[in-house]
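So the structure is just underneath, and the comments pick up after that.
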There are 2 protein chains.
Amino acid sequence: MASGRMDLAEPLDVAPPRGGAIADKLRGAILDGKYGPGARLNEVHLSRDFGVSRTPVRGALQTLVGEALLEYTPNKGYSVRAFAVSEIVDAFEMRALAEGLAARLAAERGLTPANEADLSASLAELDGAITFAASAAPAEAVRNPYSAANERFHTAIHRAADSRLVTDVIALCSRVPLTLTRHIIDFKTEDLKDRVEEHHQIYDAILSRQPREAERLMYEHDQVVRRALVRVLAKSGS
Amino acid sequence: MASGRMDLAEPLDVAPPRGGAIADKLRGAILDGKYGPGARLNEVHLSRDFGVSRTPVRGALQTLVGEALLEYTPNKGYSVRAFAVSEIVDAFEMRALAEGLAARLAAERGLTPANEADLSASLAELDGAITFAASAAPAEAVRNPYSAANERFHTAIHRAADSRLVTDVIALCSRVPLTLTRHIIDFKTEDLKDRVEEHHQIYDAILSRQPREAERLMYEHDQVVRRALVRVLAKSGS
DNA sequence: AACTGCCGAATTGTATACACTTCGTAAATT
DNA sequence: AATTTACGAAGTGTATACAATTCGGCAGTT
């Protein structure tokens, strides 16, 4: 048990904290709002914080620029992008279009057995989340099971669309500071039931190979979230 | 005249080939197909080719990964992304949706005087390009004036939409290896006239603040290109 | 002959030193 | 007192040395 080789047996998950890991940590910190909009990210400071040299930090920063989370000015450095509220709303509109296209493509191209299994499983999870919500439902607890299953469902459709570009676009639209978007997950239990029903309809449309119908349903499904966001903004903005 | 300082007197246009310049050159080379799909880009070789060290080269490569032109595998390096033909077609569909949204947003938000001037100017250029095409028209010569004005028009609309995310998405869709797409610019002169007319209609819809109409017109306008691509593919694929 | 294990070349990953640019600050000149 | 200039700190830009990893091939073994 105490063999030296044994100690290094499973370093695959933590031990090689390669540069990519730094990008992950920074991304999480930014999306969680730990760095405010416009905050400057200093290479030297980050190096010390992470206990590595500037080189991997630079790599991580450049990666995050590519993900549109940071902005870069030559000789000035990297700063957290400031999103106007209108841009966040636009992101949801763009996302609705892109996910609609994903659903359409999935319906056109058909589902592989693996895709179908994925979607069925997440639909079952969603049904489970909703009945659970109806019973206990301390509101807080509801979100996680639903959100997780919801994300699985959408991801499965992206895979089924089989178009990396479309997936990339959706990812781009999703990578928006959640400081505001957190608030809009204020679904009441009855609304939740509607959302789950929509998922089922989308699934059926894809299974029965109705591309335009699948696209329309997915678009409307995403629009619900966008409208909720606009509503919240109108309230807090007044 | 032979002073050492004089030799370095005007290095402003070429001499500070900062890391970003390397990214530009590489991007151009990739889009021009000088590196085939899947080609590996070696840091050391590129360093020697550009006459700089590995550091700026790495930066450029990471930037291009962010632009989805390269793929990166840890400990293996960077390689040119291989695009399936279906992905290229999807890119044009996604682009049509995104540019449609841009036109819609421009119509919703209205044009600034600068935007309006930009659009009018490029429309005039387009009109000029078409009459020029009708006269001389050695096919080759037509493309450049039209393409340039066409690009100006579309860029102006992106600016008018005033949504960086939408602009980014369109850029993502446009950054696809042109090896294939070059062929589809096989517009005949009469088709060109139709394209220009479409531009005018889009402009009018935006000016008269008809968002859905502007969106529909722009979408259809882009679909022309997508359909042309599909046609070429069907021909060469058979 | 097939397989296993090991070595070494090639390439990426990281660290660090140094040059250059930017910007604030304070001193000096007008 | 206002403006300008010079200096210096802070931070990015680049180069280079070295460590770590991957993978091909060769040798040895079975």
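Throughout, protein chains are lettered first and strands after them, A, B, ... in sequence-line order, and every chain is numbered starting at 1. Quick caveat, the model's predicted, so the values are computed rather than measured. We use all heavy atoms of the structure for the numbers below, so side chains are in, but hydrogens, waters and symmetry mates are not.
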Take the protein atom [atom1] of [X] and the nucleotide atom [atom2] of [N], then report the distance between them rounded to whole Å.
X	N	atom1	atom2	value
Phe50(B)	dA15(D)	CZ	C1'	17 Å
Leu41(A)	dA10(D)	CG	P	19 Å
Arg48(B)	dA10(C)	CZ	C1'	12 Å

Could [X] and [Y] be called an ion pair, given the rule that one side-chain N must be under 4.0 Å from one carboxylate O?
X	Y	result
Arg81(B)	Glu87(B)	yes
Glu71(B)	Lys76(B)	no
Asp118(A)	Arg159(A)	yes

[N], OP1 or OP2 - any side-chain N/O from [X] closer than 4.0 Å?
X	N	answer
Arg58(A)	dT14(C)	no
Tyr72(A)	dG13(D)	yes
Tyr78(A)	dG13(D)	no
Asn42(B)	dT12(C)	yes

Nearest-neighbour nucleotide for the Glu43(A) side chain, dT14(D), dG13(D), dT12(C) considered
dG13(D)
Which atom pairs link the protein and nucleotides 16-24 of chain D when you take only N or O atoms and keep those under 3.5 Å?
unit_1	atom_1	unit_2	atom_2	d
dT16(D)	O4	Thr55(B)	OG1	3.4
dT21(D)	O3'	Asn75(B)	ND2	3.4

For Asn115(B) and Thr112(B), test the side chains for any donor-to-acceptor distance below 3.5 angstrom and give the result as yes or no.
yes
Please determine, by modelled atom types, if Tyr219(B) and Gln223(B) share a side-chain donor-acceptor pair under 3.5 angstrom.
yes
Among residues at least two apart in sequence or on other chains, which ones pass side chain to side chain donor-acceptor pair (under 3.5 Å) with Arg231(B)?
none
